[in-house]
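First the structure, in the form of structure tokens, and then the observations on it.
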Amino acid sequence: MEFDSSPVFLNSEKITRYIDGRWDSLISCLETSFVLYSSDDGQVIQPVRENVTVRDYNGLLFSMPVCSSPHEALATKIITVYNDNHLRGLPRIQGVILLFSAVDGVLKAILEAPVITAKRTAGATAVATKYLASENPKILAILGAGVQARSHFEVLTHLYNFEEVRIWNIHQNNGEKLVKELNDKGFHCVCCSNVEEAVRDADIIVTATFSKTPILKAVWVKPGAHINVIGASNPTSQELDPELMRSAVVYTDSREAACVESGDIIISEVEVYAEIGEVILGKKEAFRDKTTVFKSLGMAVQDLVSAKLVYDAYTSDLQK
Ligand SMILES: NC(=O)C1=CN([C@@H]2O[C@H](COP(=O)(O)OP(=O)(O)OC[C@H]3O[C@@H](n4cnc5c(N)ncnc54)[C@H](O)[C@@H]3O)[C@@H](O)[C@H]2O)C=CC1
Ligand SMILES: O=C([O-])C1=[NH+]CCC1
């Protein structure tokens, strides 16, 4: 019997075709992935990711392997994160996700990583926000105007009807560009000239920047707000003022990763109260009335479930 071992290659355009407009399915897969990761039954095996520093070019190479038994799948995301790439007119995050069958080890697909990374990170935030934010949030503030800012805007406006969406960016022209792009699509957002103005009275805040030092201060944040911290994914970077970290109840995706990768957690010396998976499982409380922080690091299992969602949609399309 002939065996066609060629994996399919799904580029960003194809991935967009199979993932766009599917927030609810993606959020549901991601919710399951949080539960599988935080259950102690070994259904998901996900070591802390490896990274290699490219000192001369301010770059990093990440390798993120995972096995999920319920999905009968293995995946590894391999990405580079080059902080200065905007100066080269290139995306800061590039790479691929390799998706294998866990049954026989066959490589099924190679998927370009940026679209899935953007969508799954925002989808994961959506899960955390659903559990931790106050009911009926009215004001959303997004700090940053890049890839993650866009995908977070998309998913959070899919989930909630905000009265106001505010965007702040370090380079105001890029913030204005994003606001114009969204408003041209029929949304109503405003660009703020400073962080304090953007987050005043906000119910939900997203920080999605490449800042190395805190951009968000405790005194600016409304008590009871929910903050999704997406950037600062290394032990020496911070997006939040340590005082804000210490005044909030801190949740994360992976406690094991947070303790070695998150500058916001390590430098402020806060205790992680819970993984989001533990909240979904009912093992830990969701303190909606308190100021909450979801420190997102990003997990390989999120890439696996999202890549599988895309791959399954692609293969079922082929069979039509
Ligand atoms: N938690 C997770 O799963 C993931 C986290 N990330 C992180 O999210 C952050 C944003 O990533 P992308 O949107 O893909 O990048 P991007 O390059 O598309 O956007 C970065 C944004 O940060 C702003 N920025 C850069 N330096 C800054 C500074 N010093 N202070 C304030 N703002 C600054 C830029 O103006 C831009 O708006 C990065 O820190 C990245 O590592 C990215 C992917 C997944
Ligand atoms: O999970 C992920 O893909 C990443 N987290 C930080 C940079 C990229």
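Remember, it's 1-based here, ligands and their atoms both numbered in the order they're listed. Bear in mind that the values here come from a model prediction, so they are computed numbers and not experimental data.
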Considering distance alone, does some N or O of Gly144 sit under 3.5 Å from an N or O of ligand 1? no
Atom 16 (P) of ligand 1: closest protein heavy atom, distance to 0.1 Å, is Arg92 NH1, 3.8 Å
Going by an N to O cut-off under 4.0 Å, is there a salt bridge joining Lys14 and Glu112? no
Is the closest basic N to carboxylate O distance between Lys180 and Asp184 below 4.0 Å? yes
Which residue supplies the protein heavy atom nearest to atom 8 (C) of ligand 2, what is that atom called, and how far is it? Ile79 CD1, 3.6 Å
Heavy atom of the protein closest to atom 36 (C) of ligand 1 (residue, atom name, distance): Asn169 OD1, 3.8 Å
Considering Ser296, Ala124, Ser211, Gly231, which one's heavy-atom position lies nearest to atom 28 (C) of ligand 1? Ser211
Any N/O pair Thr209/ligand 1 closer than 3.5 Å: yes
A quick test of your reading: do over 12 heavy atoms of other residues, nucleotides or ligands sit less than 6.0 Å from OH of Tyr57? no
Tell me, which protein residue and heavy-atom name are nearest atom 42 (C) of ligand 1, and how many Å apart are they? Ile93 CD1, 3.5 Å
Considering only non-hydrogen protein atoms, determine which one is nearest to atom 5 (C) of ligand 1 and report residue, atom name and distance to 0.1 Å. Ile230 O, 3.1 Å
Does any N or O of ligand 1 fall below 3.5 Å from an N or O anywhere on Arg120, backbone included? yes
Is Arg49 in contact with ligand 2, taking contact as a heavy-atom separation below 4.0 Å? yes
Decide whether a cation-pi geometry holds between Lys185 and Phe187; the criteria are a distance under 6.0 Å from NZ or CZ to the six-membered ring centre and an angle within 45° of the ring axis. no
Numbered atoms of ligand 2 (with element) below 4.0 Å of Gly298, judged on heavy atoms: 1 (O)
Ser296 versus Asn228, side-chain donor and acceptor atoms under 3.5 Å: no
Below 3.5 Å, N or O to N or O, backbone or side chain included: is there any such pair between Ala145 and ligand 1? yes
Under 30°, 30 to 60°, or over 60°: which ring-plane class applies to Tyr314 and Tyr18, parallel, tilted or perpendicular? perpendicular
Could Asp20 and Lys119 be called an ion pair, given the rule that one side-chain N must be under 4.0 Å from one carboxylate O? yes
Checking the N or O distance criterion of under 3.5 Å, is ligand 2 in contact with Met299? no
Quick one: which ligand 2 atoms are inside 4.0 Å of a heavy atom on Met64? 1 (O)
Nearest non-hydrogen protein atom, atom 33 (C) of ligand 1: Ile170 CG2, 3.6 Å
Is the shortest N/O to N/O distance between Gln302 and ligand 1 below 3.5 Å? no
Looking just at side-chain N and O atoms, do Ser254 and Glu275 make a donor-acceptor pair shorter than 3.5 Å? no
What residue and heavy atom of the protein are closest to atom 5 (N) of ligand 2, and at what distance? Leu297 O, 3.0 Å
Minimum-distance protein heavy atom relative to atom 24 (N) of ligand 1: Phe210 N, 3.7 Å
Compute the minimum heavy-atom distance from Ala232 to ligand 1 and say whether it is under 4.0 Å. yes
Can you find a side-chain donor-acceptor pair between Ser262 and Asp264 that sits under 3.5 Å? no
Does ligand 1 come near enough to Gln148 that some N or O of the ligand is less than 3.5 Å from an N or O of the residue? yes
Could you walk me through whether Ser316 and Asp312 pass side-chain contact (heavy atoms from CB on, under 4.5 Å), step by step? CA-CA 6 Å; Ser316 86; Asp312 289 347; over 6 Å; no
Atom 4 (C) of ligand 1 sits nearest the protein heavy atom Thr121 CG2, 3.8 Å
Tell me the contacting part of Arg92 for ligand 2: side chain, backbone, both, or neither, using a 4.0 Å heavy-atom threshold, strictly below. neither
Please state which option from Ser262, Ser237, Ala208 has its nearest heavy atom closest to atom 10 (C) of ligand 1. Ala208
Do Ala149 and ligand 1 have an N or O pair less than 3.5 Å apart? no
So, Asn11 and Glu13: side-chain donor and acceptor under 3.5 Å apart, yes or no? no
Do we get Arg49 above Phe62's six-membered ring, with its NZ or CZ under 6.0 Å from the centre and within 45° of the axis? yes
I need the nearest protein heavy-atom contact for atom 6 (C) of ligand 2: residue, atom name and distance, please. Ser233 OG, 3.2 Å
With a sphere of 6.0 Å drawn around NE2 of His188, does it hold more than 12 non-hydrogen atoms of other residues, nucleotides or ligands? no
Proximal ligand 1 atoms for Leu297, defined as those under 4.0 Å from one of its heavy atoms: 1 (N), 2 (C), 3 (O)
Is it possible for you to check whether Lys284 lies under 6.0 Å from the centre of the six-membered ring of Tyr273, through NZ or CZ, and within 45° of that ring's axis? yes
Quick one: nearest non-hydrogen protein atom to atom 3 (O) of ligand 2, plus distance? Lys77 NZ, 2.6 Å
Answer yes or no: is there an ion pair linking Arg255 with Glu278, defined by an N-O contact shorter than 4.0 Å? yes
Ionic contact status for Glu197 with Arg166, cut-off 4.0 Å: no
Nearest to atom 14 (O) of ligand 1, what protein heavy atom do you find, and at what distance? Val147 CB, 3.7 Å
Would you say the side-chain atoms of His152 and Thr125 include a donor-acceptor pair closer than 3.5 Å? yes
Residue, atom and distance of the protein heavy atom nearest atom 1 (O) of ligand 2 read Arg120 NH2, 2.8 Å
As an exercise, identify every atom of ligand 2 less than 4.0 angstrom from a heavy atom of Thr117. 3 (O)
Contact partition for Thr117 relative to ligand 1, non-hydrogen atoms under 4.0 Å: side chain
Regarding Asp303 and Lys77, does a basic nitrogen lie under 4.0 Å from an acidic carboxylate oxygen? yes
